Participant: 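Submitted below is the structure of interest, expressed as C-alpha coordinates.
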There are 2 protein chains.
Amino acid sequence: MIPGMNKARRPQAPRVGSAEGPPGGSVVFLLSSLGFAASRAFQDALAPVGLTPRQFALMNLVATSEGISQGVLTQPLGIPASRLVGIVDELENKGLIERRRNPEDRRYYALHLTAKGRATLNRARRVARDNEERFCTPLEPSEREPLLESLRRLAAGQQLPLGVHPALASPDEDDHGPAPM
Amino acid sequence: MIPGMNKARRPQAPRVGSAEGPPGGSVVFLLSSLGFAASRAFQDALAPVGLTPRQFALMNLVATSEGISQGVLTQPLGIPASRLVGIVDELENKGLIERRRNPEDRRYYALHLTAKGRATLNRARRVARDNEERFCTPLEPSEREPLLESLRRLAAGQQLPLGVHPALASPDEDDHGPAPM
DNA sequence: TATTGTTATACTCTATAACTATA
DNA sequence: TATAGTTATAGAGTATAACAATA
(Lines give C-alpha, C1' and ligand atoms only; values in the text may rest on other atoms or scores of the structure.)
Protein backbone atom coordinates (compact mmCIF):
# COMPACT_ATOMS: atom_id res chain seq x y z
CA MET A 1 0.00 0.00 0.00
CA ILE A 2 1.58 3.18 -1.18
CA PRO A 3 0.80 6.49 0.41
CA GLY A 4 -1.00 8.57 -2.02
CA MET A 5 -3.27 11.18 -3.26
CA ASN A 6 -6.35 11.51 -1.22
CA LYS A 7 -9.54 10.98 -3.06
CA ALA A 8 -11.01 14.37 -3.79
CA ARG A 9 -14.42 13.62 -5.18
CA ARG A 10 -15.29 16.20 -7.74
CA PRO A 11 -19.07 16.52 -7.57
CA GLN A 12 -19.17 17.52 -3.98
CA ALA A 13 -16.55 17.69 -1.28
CA PRO A 14 -17.50 15.31 1.50
CA ARG A 15 -16.15 17.42 4.26
CA VAL A 16 -17.08 17.45 7.86
CA GLY A 17 -15.71 19.72 10.51
CA SER A 18 -14.71 18.82 14.00
CA ALA A 19 -15.72 22.25 15.22
CA GLU A 20 -14.76 21.53 18.79
CA GLY A 21 -11.92 23.49 20.32
CA PRO A 22 -10.20 25.79 17.89
CA PRO A 23 -9.93 23.90 14.60
CA GLY A 24 -7.05 26.15 13.61
CA GLY A 25 -5.22 24.76 16.62
CA SER A 26 -5.65 21.08 15.84
CA VAL A 27 -3.02 19.27 13.83
CA VAL A 28 -5.42 16.47 12.96
CA PHE A 29 -8.13 18.83 11.82
CA LEU A 30 -5.80 21.02 9.80
CA LEU A 31 -4.11 18.04 8.20
CA SER A 32 -7.33 16.45 7.06
CA SER A 33 -8.63 19.73 5.67
CA LEU A 34 -5.40 20.55 3.95
CA GLY A 35 -4.92 17.01 2.76
CA PHE A 36 -8.21 17.21 1.00
CA ALA A 37 -7.36 20.57 -0.49
CA ALA A 38 -3.95 19.39 -1.62
CA SER A 39 -5.47 16.36 -3.23
CA ARG A 40 -8.03 18.42 -5.04
CA ALA A 41 -5.47 20.96 -6.17
CA PHE A 42 -3.34 18.21 -7.60
CA GLN A 43 -6.29 16.66 -9.36
CA ASP A 44 -7.21 20.00 -10.90
CA ALA A 45 -3.66 20.70 -11.95
CA LEU A 46 -3.43 17.34 -13.63
CA ALA A 47 -6.75 17.49 -15.43
CA PRO A 48 -5.54 19.55 -18.42
CA VAL A 49 -3.01 16.84 -19.16
CA GLY A 50 -5.90 14.41 -19.36
CA LEU A 51 -4.84 12.26 -16.43
CA THR A 52 -6.39 11.46 -13.10
CA PRO A 53 -4.08 11.16 -10.09
CA ARG A 54 -4.57 7.43 -10.15
CA GLN A 55 -3.67 7.14 -13.81
CA PHE A 56 -0.64 9.29 -13.13
CA ALA A 57 0.41 7.01 -10.31
CA LEU A 58 -0.01 3.94 -12.46
CA MET A 59 2.05 5.44 -15.26
CA ASN A 60 4.80 6.32 -12.83
CA LEU A 61 4.90 2.76 -11.62
CA VAL A 62 5.06 1.40 -15.14
CA ALA A 63 7.79 3.91 -15.99
CA THR A 64 9.87 2.71 -13.07
CA SER A 65 9.27 -0.94 -13.87
CA GLU A 66 8.70 -1.40 -17.58
CA GLY A 67 7.11 -4.74 -18.32
CA ILE A 68 5.44 -4.98 -14.93
CA SER A 69 2.28 -7.08 -14.79
CA GLN A 70 -1.16 -5.89 -13.70
CA GLY A 71 -1.28 -8.15 -10.71
CA VAL A 72 1.88 -6.66 -9.27
CA LEU A 73 0.49 -3.14 -9.60
CA THR A 74 -2.31 -4.19 -7.35
CA GLN A 75 -0.18 -3.90 -4.21
CA PRO A 76 1.40 -0.46 -4.48
CA LEU A 77 -1.83 1.04 -5.80
CA GLY A 78 -3.86 -0.62 -3.09
CA ILE A 79 -6.70 -1.60 -5.41
CA PRO A 80 -8.07 -4.98 -6.44
CA ALA A 81 -7.16 -6.50 -9.79
CA SER A 82 -10.66 -6.07 -11.10
CA ARG A 83 -10.41 -2.32 -10.82
CA LEU A 84 -7.03 -2.19 -12.44
CA VAL A 85 -8.51 -3.55 -15.62
CA GLY A 86 -10.53 -0.42 -16.23
CA ILE A 87 -7.71 1.96 -15.47
CA VAL A 88 -5.34 0.14 -17.78
CA ASP A 89 -8.08 0.07 -20.42
CA GLU A 90 -8.42 3.83 -20.27
CA LEU A 91 -4.72 4.42 -20.61
CA GLU A 92 -4.46 1.92 -23.42
CA ASN A 93 -7.37 3.54 -25.26
CA LYS A 94 -5.56 6.84 -25.02
CA GLY A 95 -2.50 5.23 -26.48
CA LEU A 96 -0.37 5.94 -23.43
CA ILE A 97 0.51 2.42 -22.43
CA GLU A 98 0.29 -0.96 -24.12
CA ARG A 99 -0.32 -4.50 -23.00
CA ARG A 100 2.08 -7.02 -24.44
CA ARG A 101 1.63 -10.70 -23.86
CA ASN A 102 4.51 -12.31 -22.06
CA PRO A 103 5.60 -15.10 -24.44
CA GLU A 104 7.00 -17.20 -21.63
CA ASP A 105 3.73 -17.28 -19.73
CA ARG A 106 0.86 -16.07 -21.78
CA ARG A 107 -1.30 -15.44 -18.75
CA TYR A 108 0.66 -12.34 -17.88
CA TYR A 109 0.58 -8.97 -19.52
CA ALA A 110 3.73 -6.90 -19.68
CA LEU A 111 2.83 -3.24 -19.44
CA HIS A 112 4.88 -0.67 -21.31
CA LEU A 113 4.69 3.06 -21.88
CA THR A 114 4.31 4.18 -25.46
CA ALA A 115 6.30 7.13 -26.80
CA LYS A 116 3.20 9.22 -26.40
CA GLY A 117 2.82 7.89 -22.89
CA ARG A 118 6.33 8.94 -21.97
CA ALA A 119 5.73 12.42 -23.34
CA THR A 120 2.48 12.71 -21.42
CA LEU A 121 4.14 11.48 -18.26
CA ASN A 122 6.86 14.09 -18.56
CA ARG A 123 4.29 16.80 -19.04
CA ALA A 124 2.37 15.54 -16.02
CA ARG A 125 5.50 15.56 -13.91
CA ARG A 126 6.21 19.15 -14.82
CA VAL A 127 2.64 20.02 -13.91
CA ALA A 128 3.06 18.26 -10.58
CA ARG A 129 6.22 20.25 -9.84
CA ASP A 130 4.52 23.52 -10.76
CA ASN A 131 1.59 22.62 -8.59
CA GLU A 132 3.90 21.91 -5.69
CA GLU A 133 5.48 25.33 -6.03
CA ARG A 134 2.15 27.09 -6.31
CA PHE A 135 0.79 25.25 -3.32
CA CYS A 136 3.80 26.22 -1.24
CA THR A 137 3.98 29.90 -2.12
CA PRO A 138 2.43 30.95 1.20
CA LEU A 139 5.46 29.48 2.96
CA GLU A 140 8.68 31.28 3.72
CA PRO A 141 11.56 29.49 2.02
CA SER A 142 13.08 28.75 5.40
CA GLU A 143 9.81 27.25 6.55
CA ARG A 144 9.64 24.52 3.99
CA GLU A 145 12.24 22.04 5.15
CA PRO A 146 11.16 22.03 8.79
CA LEU A 147 7.59 21.50 7.66
CA LEU A 148 8.60 18.53 5.53
CA GLU A 149 10.53 17.13 8.45
CA SER A 150 7.56 17.35 10.78
CA LEU A 151 5.27 15.80 8.21
CA ARG A 152 7.70 12.96 7.61
CA ARG A 153 7.83 12.29 11.31
CA LEU A 154 4.06 12.21 11.61
CA ALA A 155 3.88 9.94 8.59
CA ALA A 156 6.32 7.57 10.20
CA GLY A 157 4.19 7.58 13.33
CA GLN A 158 1.22 6.53 11.24
CA GLN A 159 3.18 3.75 9.63
CA LEU A 160 2.85 5.34 6.24
CA PRO A 161 5.48 3.94 3.92
CA LEU A 162 6.95 6.93 2.15
CA GLY A 163 8.97 6.19 -0.91
CA VAL A 164 7.90 2.70 -1.76
CA HIS A 165 9.49 1.87 -5.00
CA PRO A 166 6.76 0.28 -7.09
CA ALA A 167 6.49 -3.47 -7.30
CA LEU A 168 9.85 -3.72 -5.59
CA ALA A 169 9.04 -2.47 -2.13
CA SER A 170 7.89 -5.77 -0.62
CA PRO A 171 8.79 -8.32 -3.25
CA ASP A 172 8.02 -11.33 -1.16
CA GLU A 173 5.72 -10.83 1.72
CA ASP A 174 4.40 -14.35 1.41
CA ASP A 175 6.59 -15.57 -1.36
CA HIS A 176 4.21 -17.65 -3.36
CA GLY A 177 5.56 -19.18 -6.48
CA PRO A 178 7.66 -17.65 -9.23
CA ALA A 179 7.76 -13.88 -9.06
CA PRO A 180 5.82 -12.54 -12.02
CA MET A 181 7.54 -9.90 -14.05
CA MET B 1 -18.14 25.40 3.22
CA ILE B 2 -16.33 24.37 6.34
CA PRO B 3 -12.98 22.68 6.29
CA GLY B 4 -13.29 19.26 7.61
CA MET B 5 -12.48 15.72 8.08
CA ASN B 6 -11.40 14.11 4.96
CA LYS B 7 -13.49 11.23 3.89
CA ALA B 8 -11.70 8.09 4.87
CA ARG B 9 -13.70 5.37 3.24
CA ARG B 10 -13.60 2.32 5.40
CA PRO B 11 -13.86 -0.61 3.01
CA GLN B 12 -10.76 0.24 1.09
CA ALA B 13 -8.49 3.24 1.10
CA PRO B 14 -8.64 4.86 -2.32
CA ARG B 15 -5.08 5.96 -2.40
CA VAL B 16 -2.93 6.77 -5.33
CA GLY B 17 0.68 7.74 -5.28
CA SER B 18 2.37 10.42 -7.27
CA ALA B 19 5.56 8.41 -7.29
CA GLU B 20 7.51 10.96 -9.27
CA GLY B 21 10.42 12.71 -7.61
CA PRO B 22 10.86 11.76 -3.98
CA PRO B 23 7.37 11.60 -2.47
CA GLY B 24 8.89 12.22 0.94
CA GLY B 25 10.06 15.55 -0.43
CA SER B 26 6.74 16.78 -1.72
CA VAL B 27 4.53 18.85 0.54
CA VAL B 28 1.47 18.12 -1.58
CA PHE B 29 2.09 14.41 -1.59
CA LEU B 30 2.82 14.19 2.11
CA LEU B 31 -0.16 16.32 3.00
CA SER B 32 -2.61 14.26 1.03
CA SER B 33 -1.23 11.02 2.45
CA LEU B 34 -1.18 12.32 5.98
CA GLY B 35 -4.53 13.99 5.60
CA PHE B 36 -6.04 10.69 4.74
CA ALA B 37 -4.33 8.98 7.64
CA ALA B 38 -5.37 11.71 10.05
CA SER B 39 -8.93 11.46 8.88
CA ARG B 40 -8.96 7.72 9.30
CA ALA B 41 -7.35 7.89 12.72
CA PHE B 42 -9.98 10.33 13.87
CA GLN B 43 -12.74 8.18 12.50
CA ASP B 44 -11.37 5.15 14.31
CA ALA B 45 -10.94 7.05 17.54
CA LEU B 46 -14.50 8.26 17.37
CA ALA B 47 -16.08 4.93 16.52
CA PRO B 48 -16.24 3.58 20.10
CA VAL B 49 -18.34 6.60 21.04
CA GLY B 50 -20.76 5.56 18.34
CA LEU B 51 -20.33 8.64 16.18
CA THR B 52 -19.05 9.23 12.70
CA PRO B 53 -16.97 12.35 12.08
CA ARG B 54 -19.91 13.85 10.23
CA GLN B 55 -22.32 13.21 13.07
CA PHE B 56 -19.78 14.68 15.45
CA ALA B 57 -19.53 17.78 13.30
CA LEU B 58 -23.28 18.15 13.16
CA MET B 59 -23.61 17.82 16.92
CA ASN B 60 -20.96 20.44 17.44
CA LEU B 61 -22.85 22.82 15.20
CA VAL B 62 -26.09 22.20 17.03
CA ALA B 63 -24.32 22.66 20.35
CA THR B 64 -23.02 26.03 19.25
CA SER B 65 -26.37 27.10 17.87
CA GLU B 66 -29.17 25.39 19.72
CA GLY B 67 -32.41 25.56 17.80
CA ILE B 68 -30.69 25.79 14.44
CA SER B 69 -32.68 24.50 11.45
CA GLN B 70 -31.66 21.74 9.07
CA GLY B 71 -31.46 24.04 6.11
CA VAL B 72 -28.91 26.25 7.79
CA LEU B 73 -26.70 23.27 8.61
CA THR B 74 -26.51 22.59 4.93
CA GLN B 75 -23.94 25.32 4.34
CA PRO B 76 -21.28 24.67 6.97
CA LEU B 77 -21.50 20.93 6.42
CA GLY B 78 -21.35 21.33 2.67
CA ILE B 79 -24.02 18.72 1.99
CA PRO B 80 -27.44 18.95 0.37
CA ALA B 81 -30.57 19.09 2.50
CA SER B 82 -31.68 15.69 1.32
CA ARG B 83 -28.65 14.07 2.88
CA LEU B 84 -29.03 15.93 6.11
CA VAL B 85 -32.32 14.21 6.68
CA GLY B 86 -30.70 10.83 7.12
CA ILE B 87 -27.95 12.08 9.39
CA VAL B 88 -30.41 13.86 11.64
CA ASP B 89 -32.57 10.75 11.61
CA GLU B 90 -29.71 8.63 12.89
CA LEU B 91 -28.91 11.03 15.69
CA GLU B 92 -32.53 11.34 16.62
CA ASN B 93 -32.95 7.56 16.67
CA LYS B 94 -30.03 7.35 19.05
CA GLY B 95 -31.69 9.90 21.25
CA LEU B 96 -28.85 12.39 20.91
CA ILE B 97 -30.74 15.27 19.33
CA GLU B 98 -34.37 16.12 18.87
CA ARG B 99 -36.43 17.92 16.27
CA ARG B 100 -38.87 20.43 17.67
CA ARG B 101 -41.34 22.19 15.45
CA ASN B 102 -40.95 25.92 15.43
CA PRO B 103 -44.38 27.21 16.48
CA GLU B 104 -43.89 30.49 14.65
CA ASP B 105 -43.24 28.84 11.33
CA ARG B 106 -44.14 25.21 11.34
CA ARG B 107 -42.06 24.48 8.26
CA TYR B 108 -38.88 24.73 10.28
CA TYR B 109 -37.42 22.28 12.68
CA ALA B 110 -35.48 23.56 15.65
CA LEU B 111 -32.70 21.12 16.47
CA HIS B 112 -31.63 20.60 20.07
CA LEU B 113 -29.21 18.35 21.89
CA THR B 114 -30.72 16.03 24.45
CA ALA B 115 -29.05 15.50 27.82
CA LYS B 116 -27.72 12.24 26.48
CA GLY B 117 -26.54 14.06 23.39
CA ARG B 118 -24.60 16.56 25.46
CA ALA B 119 -22.95 13.77 27.43
CA THR B 120 -22.02 11.94 24.25
CA LEU B 121 -20.66 15.11 22.71
CA ASN B 122 -18.44 15.72 25.73
CA ARG B 123 -17.13 12.21 25.57
CA ALA B 124 -16.46 12.60 21.85
CA ARG B 125 -14.58 15.82 22.47
CA ARG B 126 -12.34 14.16 25.00
CA VAL B 127 -11.69 11.37 22.53
CA ALA B 128 -10.80 13.95 19.89
CA ARG B 129 -8.32 15.62 22.22
CA ASP B 130 -6.74 12.30 23.13
CA ASN B 131 -6.51 11.40 19.49
CA GLU B 132 -4.80 14.69 18.75
CA GLU B 133 -2.19 13.98 21.40
CA ARG B 134 -1.60 10.46 20.21
CA PHE B 135 -1.29 11.60 16.62
CA CYS B 136 1.26 14.23 17.58
CA THR B 137 3.50 12.10 19.78
CA PRO B 138 6.16 11.76 17.08
CA LEU B 139 6.68 15.53 17.25
CA GLU B 140 9.04 17.34 19.55
CA PRO B 141 7.07 19.74 21.72
CA SER B 142 8.93 22.66 20.19
CA GLU B 143 8.01 21.42 16.74
CA ARG B 144 4.29 21.63 17.18
CA GLU B 145 3.58 25.33 17.06
CA PRO B 146 5.73 26.05 13.99
CA LEU B 147 4.01 23.15 12.24
CA LEU B 148 0.58 24.56 13.03
CA GLU B 149 1.71 27.94 11.78
CA SER B 150 2.88 26.53 8.46
CA LEU B 151 -0.31 24.54 8.05
CA ARG B 152 -2.44 27.58 8.81
CA ARG B 153 -0.55 29.55 6.22
CA LEU B 154 -1.05 26.88 3.59
CA ALA B 155 -4.71 26.66 4.49
CA ALA B 156 -5.08 30.39 4.02
CA GLY B 157 -3.42 30.07 0.62
CA GLN B 158 -6.03 27.48 -0.35
CA GLN B 159 -8.83 29.75 0.82
CA LEU B 160 -9.84 27.27 3.47
CA PRO B 161 -11.92 29.04 6.08
CA LEU B 162 -10.58 27.87 9.41
CA GLY B 163 -12.78 28.50 12.34
CA VAL B 164 -16.10 29.11 10.67
CA HIS B 165 -18.54 29.46 13.41
CA PRO B 166 -21.52 27.35 12.37
CA ALA B 167 -24.45 28.90 10.64
CA LEU B 168 -23.09 32.30 11.52
CA ALA B 169 -20.06 32.47 9.29
CA SER B 170 -21.73 33.86 6.17
CA PRO B 171 -25.20 34.80 7.32
CA ASP B 172 -26.21 36.63 4.18
CA GLU B 173 -24.34 35.80 1.06
CA ASP B 174 -27.35 36.52 -1.06
CA ASP B 175 -29.73 37.61 1.57
CA HIS B 176 -32.92 35.99 0.52
CA GLY B 177 -35.84 36.45 2.79
CA PRO B 178 -36.08 36.21 6.55
CA ALA B 179 -33.14 34.45 8.10
CA PRO B 180 -34.33 31.11 9.44
CA MET B 181 -33.36 30.30 12.93
C1' DT C 1 -46.21 31.29 -5.34
C1' DA C 2 -42.19 30.35 -2.37
C1' DT C 3 -39.86 27.63 1.16
C1' DT C 4 -38.59 23.61 4.58
C1' DG C 5 -38.01 19.30 4.83
C1' DT C 6 -38.80 14.54 2.68
C1' DT C 7 -38.85 10.84 -0.56
C1' DA C 8 -37.66 8.76 -5.07
C1' DT C 9 -34.52 7.98 -8.53
C1' DA C 10 -30.34 7.57 -10.84
C1' DC C 11 -25.43 7.64 -11.05
C1' DT C 12 -20.68 6.73 -9.55
C1' DC C 13 -17.34 4.14 -7.20
C1' DT C 14 -16.16 0.21 -5.15
C1' DA C 15 -15.41 -4.77 -3.71
C1' DT C 16 -16.64 -9.72 -4.13
C1' DA C 17 -17.27 -13.42 -6.65
C1' DA C 18 -17.97 -16.01 -10.83
C1' DC C 19 -15.68 -16.84 -15.18
C1' DT C 20 -11.82 -17.56 -19.20
C1' DA C 21 -7.52 -18.69 -20.73
C1' DT C 22 -3.44 -20.28 -19.85
C1' DA C 23 -0.34 -23.09 -17.21
C1' DT D 1 -5.43 -27.75 -9.77
C1' DA D 2 -3.71 -23.05 -9.63
C1' DT D 3 -2.97 -18.33 -11.42
C1' DA D 4 -3.58 -13.64 -14.42
C1' DG D 5 -6.78 -11.20 -16.00
C1' DT D 6 -11.80 -10.22 -17.03
C1' DT D 7 -16.68 -9.67 -16.51
C1' DA D 8 -20.93 -9.57 -13.65
C1' DT D 9 -23.21 -8.32 -9.69
C1' DA D 10 -24.31 -5.98 -5.69
C1' DG D 11 -23.66 -2.59 -2.20
C1' DA D 12 -22.32 1.94 -0.46
C1' DG D 13 -22.63 7.01 -0.94
C1' DT D 14 -24.03 10.68 -3.35
C1' DA D 15 -26.73 14.40 -6.03
C1' DT D 16 -30.87 15.86 -8.57
C1' DA D 17 -35.40 16.30 -8.93
C1' DA D 18 -40.15 15.45 -7.72
C1' DC D 19 -43.19 15.86 -3.68
C1' DA D 20 -45.90 17.33 0.76
C1' DA D 21 -46.78 20.59 4.22
C1' DT D 22 -46.77 25.19 5.55
C1' DA D 23 -46.51 29.93 4.75
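Each chain gets a letter, A, B and so on, in the order the sequences are listed, and its residues count up from 1. Keep in mind the model is a prediction, meaning the values are calculated, not measured.
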Participant: Produce a footprint string for nucleotides 16-23 of chain D: one letter per nucleotide, 5' end first; B if the base is under 4.0 Å from any protein heavy atom, S if only the sugar-phosphate is, - if neither.
Facilitator: BB----BS

Participant: Please report the distance, rounded to the nearest Å, between OH in A:Y109 and P in C:dA23.
Facilitator: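 Atom-to-atom, A:Y109 to C:dA23, this comes out as 13 Å.
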
Participant: Send over the distance from A:I97 CD1 to D:dG5 P, rounded to a whole Å.
Facilitator: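 That distance rounds to 12 Å.
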
Participant: My understanding is that only residues two or more places apart in sequence, or in another chain, count here; which of them pass side chain to side chain contact (heavy atoms under 4.5 Å, CB included) with A:D130?
Facilitator: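 Here the qualifying residues are A:R134.
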
Participant: Looking at the side chain of A:Y108, which of D:dT6, D:dT3, C:dT6 is the nearest nucleotide?
Facilitator: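 Nearest nucleotide to the side chain: D:dT3.
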
Participant: Holding to side chain to side chain contact (heavy atoms under 4.5 Å, CB included), I want the full list of residues that pass it with A:S82, two or more places apart in sequence or in another chain.
Facilitator: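 Only A:P80 meet the side chain to side chain contact (heavy atoms under 4.5 Å, CB included) criterion with A:S82.
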
Participant: Within this structure, what is the CZ-to-P distance between A:R54 and C:dT12, rounded to whole angstrom?
Facilitator: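 So the CZ-P distance, A:R54 to C:dT12, works out to 17 Å.
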
Participant: In whole angstrom, what separates B:E98's CD from C:dG5's C1'?
Facilitator: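 Atom CD in B:E98 sits about 18 Å away from atom C1' in C:dG5.
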
Participant: What integer distance in Å separates A:L73:CG from D:dT6:P?
Facilitator: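 Checked: the CG to P distance equals 12 Å.
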
Participant: I need the minimum non-hydrogen distance between B:L111 and B:V62, along with the two atoms involved.
Facilitator: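 Closest pair (atom of B:L111, atom of B:V62, distance): O-CG1, 3.8 Å.
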
Participant: Using whole Å, what does the distance between atom C1' of nucleotide D:dG13 and atom CD of B:Q43 come to?
Facilitator: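 From B:Q43 CD to D:dG13 C1': 13 Å.
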
Participant: Side chains of B:R100 and B:Y109: any donor to acceptor distance under 3.5 Å?
Facilitator: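 Checked: B:Y109/B:R100 side chains show no N/O donor-acceptor pair below 3.5 Å.
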
Participant: With sequence neighbours left out, write down each residue that passes side chain to side chain donor-acceptor pair (under 3.5 Å) with A:D105, or none if nothing qualifies.
Facilitator: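 Scan of A:D105 (side chain to side chain donor-acceptor pair (under 3.5 Å), adjacent residues dropped) gives A:R107.
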
Participant: Restricting to pairs with a member in residues 136-147 of chain A, which pass side chain to side chain donor-acceptor pair (under 3.5 Å), not counting sequence neighbours?
Facilitator: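 Sorted pair list: A:E133-A:R144, A:E143-B:S150, A:E143-B:R153, A:E145-A:R152.
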
Participant: Over how many whole Å does the gap from A:I87 atom CD1 to D:dT6 atom C1' extend?
Facilitator: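 Taking CD1 of A:I87 and C1' of D:dT6, I get 14 Å after rounding.
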
Participant: With sequence neighbours excluded, what pairs up with B:Q158 under the side chain to side chain contact (heavy atoms under 4.5 Å, CB included) test?
Facilitator: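 Residues passing side chain to side chain contact (heavy atoms under 4.5 Å, CB included) with B:Q158: A:L34, A:A37, A:A41, A:F135, B:L160.
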
Participant: Tell me, which pairs form a salt bridge (Lys or Arg N to Asp or Glu O under 4.0 Å) where one or both residues lie in residues 111-124 of chain A, sequence neighbours left out?
Facilitator: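 Listed once each, the pairs are A:E66-A:R118.
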
Participant: Please round to 10 degrees the angle between the axis of the first five pairs and the axis of the last five pairs in the helix from C:dT1-D:dA23 to C:dA23-D:dT1.
Facilitator: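 For the helix from C:dT1-D:dA23 to C:dA23-D:dT1, the axes at opposite ends meet at about 30°.
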
Participant: In whole angstrom, give the distance that lies between atom CD1 of B:I79 and atom C1' of C:dT4.
Facilitator: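 After rounding, the gap between these two atoms is 15 Å.
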
Participant: Looking at residues at least two apart in the chain, or sitting in another chain, which of them share a side chain to side chain donor-acceptor pair (under 3.5 Å) with A:R106?
Facilitator: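 Listed in chain order: nothing, the list is empty.
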
